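The next block holds one structure in the form of structure tokens; read it before the comments.
Not measured: the values here are computed from a predicted model. Order of appearance sets the numbers: ligands from 1, and atoms from 1 within every ligand.
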Amino acid sequence: MHKETILTGITTTGTPHLGNYVGAILPAIAASRRDDVKTYYFLADFHSLVKCQDAERVQRSTLEVAATWLAAGLDTGQSIFYRQSDIPEITELTWILTCMTAKGLMNRAHAYKSAVDENLNAQETDPDKGITMGLFCYPILMAADILMFNANKVPVGKDQVQHLEMTRDIAARFNYHYDEHFALPEAVVDESAAVLLGLDGRKMSKSYNNTIPLFTPPDPLRKLILKIKTNSQLPGEPKNPNACILFAIYQAFASEHEVIAMRKRYAEGIGWGEMKQTLFEFLDDRLATPRERYEALLRAPDHIEQVLREGAAKAREYSAPFLQRIRQAVGIRPVGG
Ligand code: TRP
């Protein structure tokens with residue numbers, strides 16, 4: 001049976017937070033347990049260099065992201081879990097694809113355009129000021145990540161949909177010119193996955209600095225929960241759970257039954273102080289076991305290194321022979337035969 005391939009990458013620039021967990025990590029792990037699909041999950045460390053030139057932070061984030069996925073229950077027997085930089089075929093494919101990519105296509109990338117707009121708004125004489133070729137070519141590296149494994153479905157956030165369209169464009173051009181080598185992938189934006197709001201009520205995101213790190217110890221966890229913005233309603237006043245960050249976080253982790261019970265407490269006018277304490281105890285309880293695993297993993301970086309290398313070896317069983325065919329197709333081949 002030909003299994004569908006699901007693939008996604010995680011840029012290693014920060015510490016995973018609650019929003020990543022419910023929006024991306026848990027759904028990815030659930031998918032990895034299906035036996036009708038093949039899953040590839042990887043740490044996009046080369047992508048992280050575009051945004052982050054702090055070497056320690058790149059290394060630390062790679063460790064933390066890997067430990068998070070393993071602690072959250074990813075089974076590396078079911079899923080191929082690797083680090084992008086361990087797959088030399090990806091960077092090689094990036095160049096080959098770069099030569100099949102219209103510069104105009106990259107000019108239209110949202111991330112690049114908004115960097116240019118910022119310069120123009122700041123009255124810079126050079127619209128490309130501070131923009132690296134890494135930022136400009138980011139979508140091509142991402143296309144290589146995806147096409148390297150002939151992924152069919154790519155779970156991503158809405159902000160990445162354009163990159164998938166570009167990947168399809170690049171793949172189609174390659175296929176047209178050199179013959180059908182690449183599957184055309186599709187973005188999968190899970191509308192049903194919870195999008196958690198952060199401390200200040202905007203989407204929880206490291207770019208807003210409003211996150212709750214997933215495995216933060218109990219004390220800082222309590223402090224962060226206390227900081228979550230609420231309205232000025234008093235205890236005893238019935239409250240609307242649907243417009244409440246605390247409730248949304250609770251809901252993302254709770255069973256249906258627990259959610260119903262909590263809605264009732266909102267109707268009865270639970271006070272914000274009490275709700276914050278309840279949410280803290282609830283999260284602390286749900287996260288205690290994976291947090292212990294996470295901490296143990298962080299203390300064993302050599303073990304994680306080993307896991308990633310094994311993952312890379314498995315990934316390369318696919319990428320190495322496939323890249324040989326691509327090289328062959330474009331004429332990078334022995335002169336004799
Ligand atoms: N650009 C993605 C993000 O910022 C991360 C990423 C890199 C990725 N390569 C990928 C996602 C390949 C999916 C497939 O979220």
>> Under a 3.5 Å threshold, yes or no: a donor from one side chain and an acceptor from the other, between T39 and S32?
In response: no
>> Testing the basics here: between F322 and H181, what is the closest heavy-atom pair and its distance to 0.1 Å?
In response: CZ-O, 3.5 Å
>> Would you call the rings of W69 and F81 parallel, tilted or perpendicular, taking 30° and 60° as the class edges?
In response: parallel
> What side-chain hydrogen bond (donor to acceptor under 3.5 Å, both in side chains) pairs are there with at least one residue in residues 263-276, not counting sequence neighbours?
Replying inline: N231-W272, N242-R263, K264-E268, R265-E274
>> Heavy-atom contacts with ligand 1 below 4.0 Å: which residues, ordered by chain and residue number?
In response: L7, T8, G9, T11, F42, A44, H47, Y138, M142, D145, I146, V154, V156, Q160
> Where does the angle between the aromatic ring planes of Y82 and F42 fall among parallel (under 30°), tilted (30 to 60°) and perpendicular (over 60°)?
Replying inline: parallel
>> Any non-hydrogen side-chain atom of R316 less than 4.5 Å from a side-chain atom of P88?
In response: yes
